[in-house]
2 protein chains.
Amino acid sequence: MMSSPTPGKRQHIVDTAYALFKRDGFHATGIDRIIAEADIAKMTMYRHFPSKDELIVEVLEHRALRFERQLDRLAQEVATPEQKIGKIFDWHERWFRSADFHGCLFAHALAEFGDPGHPVFKAVARQKNGFKQRMQSILEKVMAPKQAESAAAALLMLIEGATLMAQMGLPAIDDARKAAAAVIASARTPQ
Amino acid sequence: MMSSPTPGKRQHIVDTAYALFKRDGFHATGIDRIIAEADIAKMTMYRHFPSKDELIVEVLEHRALRFERQLDRLAQEVATPEQKIGKIFDWHERWFRSADFHGCLFAHALAEFGDPGHPVFKAVARQKNGFKQRMQSILEKVMAPKQAESAAAALLMLIEGATLMAQMGLPAIDDARKAAAAVIASARTPQ
DNA sequence: TAGGTGTGAGACAGACCTGTCTCACCACTG
DNA sequence: CAGTGGTGAGACAGGTCTGTCTCACACCTA
């Protein structure tokens with residue numbers, strides 16, 4: 001039949017766009033550069049994605065899914081909530097040290113698409129909410145839902161802040177880890 | 001002599017550019033829109049600023065100076081370090097609630113100018129470092145320098161994270177405040 | 001009034017942007 | 001071999017980008 005699009009090609013576009021968006025930003029990365037780097041025709045791209053914005057959303061959603069899978073895998077490796085949270089910080093520390101670390105793509109997307117009605121904005125909000133919910137679920141094993149939500153929000157803020165610091169070359173993951181321990185200890189014993 | 005440029009005009013350009021950058025981002029805001037909004041000629045702008053990048057740096061430095069002045073004024077209003085930090089959180093809470101809040105302009109600049117060698121990147125790093133140093137100085141009144149540096153980093157991360165959450169419409173300043181209290185309490189009594 | 005100087009307005013250049021369109025090609029089917 | 005439908009390559013359109021240039025005007029001094 002030969003009518004189905006090459007399965008790997010769509011993913012190849014997403015991966016190539018991801019690498020360019022991460023390094024240079026969204027507005028600064030043109031379609032021409034994406035198709036040149038991916039070595040495809042422009043029409044191929046526009047047949048897969050109706051617009052650049054939808055490509056951006058797809059890139060974000062793909063990375064969000066990948067991140068969540070890694071998170072779940074990490075959480076299953078250890079037993080206690082403290083250990084699971086520790087694994088999350090470990091993962092971020094390795095990320096910060098990786099060669100092509102350029103900060104959080106979702107935070108960058110939020111910076112460039114600040115309109116709450118924009119699909120990119122919504123994709124970012126989904127990812128951050130999902131991350132927070134996952135940490136909250138972990139914490140609920142050792143504290144009340146209300147404390148867990150508050151602590152999860154604090155952990156998310158610490159991690160977002162640590163990512164920003166890392167992008168500026170200021171290593172602060174150890175401080176974030178210590179602060180997280182203090183927050184969790186405080187939430188465990190609310191008195 | 002009439003040879004000096006109108007003093008208020010340069011500042012008017014900076015203010016207008018600031019409002020547009022804040023709302024729409026840096027790459028998405030063109031020079032044409034800035035001069036139209038400021039109601040000036042293009043040559044007037046390029047006579048004051050050699051390039052758009054230098055205008056961006058000037059906007060950032062102006063906002064950084066303004067922020068530092070407000071911070072110092074707030075710190076002088078109260079006596080104890082805890083109260084000074086509390087004032088900083090109060091200030092951010094008011095900022096988050098303001099009508100034209102669109103997130104942290106410096107974080108957005110970092111997202112769009114990720115090259116560490118770029119002047120915009122350096123301007124952002126200066127601002128964040130200055131903010132951290134100020135909080136560290138406050139905390140050193142009640143804890144050792146090493147603990148103060150660690151705690152200041154944690155507070156900075158919490159505030160950056162809270163700003164990001166606020167931009168997504170998730171109010172988390174109260175959680176950040178609680179986490180900050182836990183961090184400071186923990187740093188005050190180490191072991 | 002005449003001269004000189006800094007300034008504003010907008011045309012212009014050259015590059016880039018997103019998105020569309022045409023056309024040749026290629027594999028498979030009958 | 002003839003037909004057909006999906007696909008790749010690149011030209012093209014219309015707009016926007018940054019930055020430069022020309023020219024006329026306003027203002028002050030002598």
Side-chain angles (χ1 to χ4, degrees), chain A residues 1-60 108-109 111-113 115 118-121, chain B residues 1-60 108-109 111-113 115 118-121:
Chain A
M1 217 46 90
M2 195 42 198
S3 67
S4 65
T6 317
K9 194 133 286 192
R10 183 185 181 90
Q11 191 56 45
H12 176 59
I13 297 172
V14 170
D15 291 340
T16 305
Y18 163 66
L20 293 173
F21 288 153
K22 181 175 68 167
R23 198 177 35 146
D24 300 330
F26 297 95
H27 284 101
T29 299
I31 294 287
D32 288 346
R33 194 124 111 263
I34 295 171
I35 65 167
E37 199 83 11
D39 198 37
I40 55 163
K42 187 176 275 194
M43 267 314 286
T44 306
M45 207 220 90
Y46 275 99
R47 212 170 283 124
H48 282 287
F49 306 97
S51 69
K52 183 185 177 183
D53 282 4
E54 303 210 24
L55 171 61
I56 294 173
V57 169
E58 182 116 346
V59 167
L60 292 177
H108 295 178
E112 294 201 48
F113 299 89
D115 175 14
H118 197 285
V120 170
F121 185 102
Chain B
M1 217 49 87
M2 197 41 199
S3 67
S4 65
T6 318
K9 195 134 282 189
R10 183 186 181 90
Q11 191 55 46
H12 176 59
I13 297 173
V14 170
D15 291 341
T16 305
Y18 164 67
L20 292 173
F21 288 153
K22 181 175 66 168
R23 199 180 33 150
D24 300 330
F26 297 95
H27 284 101
T29 300
I31 294 287
D32 287 347
R33 193 123 113 267
I34 295 172
I35 65 168
E37 198 84 12
D39 198 37
I40 56 163
K42 187 176 276 195
M43 267 313 287
T44 305
M45 208 221 91
Y46 275 101
R47 212 170 284 125
H48 281 287
F49 305 97
S51 70
K52 184 184 178 183
D53 282 4
E54 302 210 24
L55 170 62
I56 294 173
V57 170
E58 182 116 346
V59 167
L60 292 177
H108 295 179
E112 294 201 48
F113 299 88
D115 175 14
H118 198 285
V120 170
F121 185 103

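Within every chain, numbering begins at 1; the chains are lettered A, B, ... in the order of the sequence lines, protein sequences first and strands thereafter.
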*Which one, D:dT20, C:dA9, D:dG8, comes nearest to the side chain of B:A41?*
C:dA9

*Separation of D:dC17 C1' from B:I56 CD1 (nearest whole Å)*: 13 Å

*Expressed in angstrom and rounded to an integer, what is the separation of A:F26 atom CZ from C:dT18 atom C1'?*
17 Å

*In whole Å, what is the span from the CD1 atom of B:I35 to the P atom of C:dA9?*
9 Å

*Report the distance from atom OH of B:Y46 to atom C1' of C:dA13, rounded to the nearest whole Å.*
13 Å

*Rounded to the nearest 0.5 Å, how far apart are CZ of A:F26 and NE2 of B:H27?*
13.0 Å

*Do A:F21 and A:L60 pass the side-chain contact (heavy atoms from CB on, under 4.5 Å) test, and can you show the C-alpha distance, the side-chain angles, and the key distance before you say yes or no?*
CA-CA 10 Å; A:F21 288 153; A:L60 292 177; over 6 Å; no

_What's the closest nucleotide to the side chain of A:M43 if the choices are C:dT7, D:dT20, C:dT20?_
C:dT20

*Taking OP1 and OP2 of C:dG8, is either one under 4.0 Å from a side-chain nitrogen or oxygen of B:T44?*
yes

*On a plain distance test, is the side chain of B:K42 in donor-acceptor contact with the base of D:dG19 below 3.5 Å?*
yes

*Would you mind reading off the distance between A:D32 atom CG and D:dC12 atom C1', rounded to a whole angstrom?*
12 Å

*Among side-chain atoms of B:D53 and B:H118, is any donor-acceptor pair under 3.5 angstrom?*
yes

_Taking the nucleotide of DNA chain C with the nearest heavy atom to each, does A:P50 or A:R33 sit closer to the 5' end?_
A:R33

*Heavy-atom side-chain proximity of A:Y18 to A:V59 below 4.5 angstrom*: yes

_Whole angstroms only, please: what is the CD1-P distance between B:I40 and C:dG10?_
13 Å

*asked:* Here's a test of your reading of the structure: between A:R47 and B:R47, which maps to the more 5' nucleotide of DNA chain C?
replied: B:R47

*Provide, to the nearest angstrom, the distance between the CD1 atom belonging to A:I31 and the P atom belonging to D:dA11.*
18 Å

*For side-chain contact (heavy atoms from CB on, under 4.5 Å), just list the numbers for B:R10 and B:E58, CA-CA rounded to whole Å, side-chain angles, deciding distance to a tenth of an Å, and then say yes or no.*
CA-CA 10 Å; B:R10 183 186 181 90; B:E58 182 116 346; 3.0 Å; yes

*Using atom NE2 of B:H27 as one end and atom P of D:dC17 as the other, report the distance to the nearest whole Å.*
13 Å

*Selection from C:dG10, D:dT7, C:dG19 that lies nearest to any side-chain heavy atom of A:K52*: C:dG19

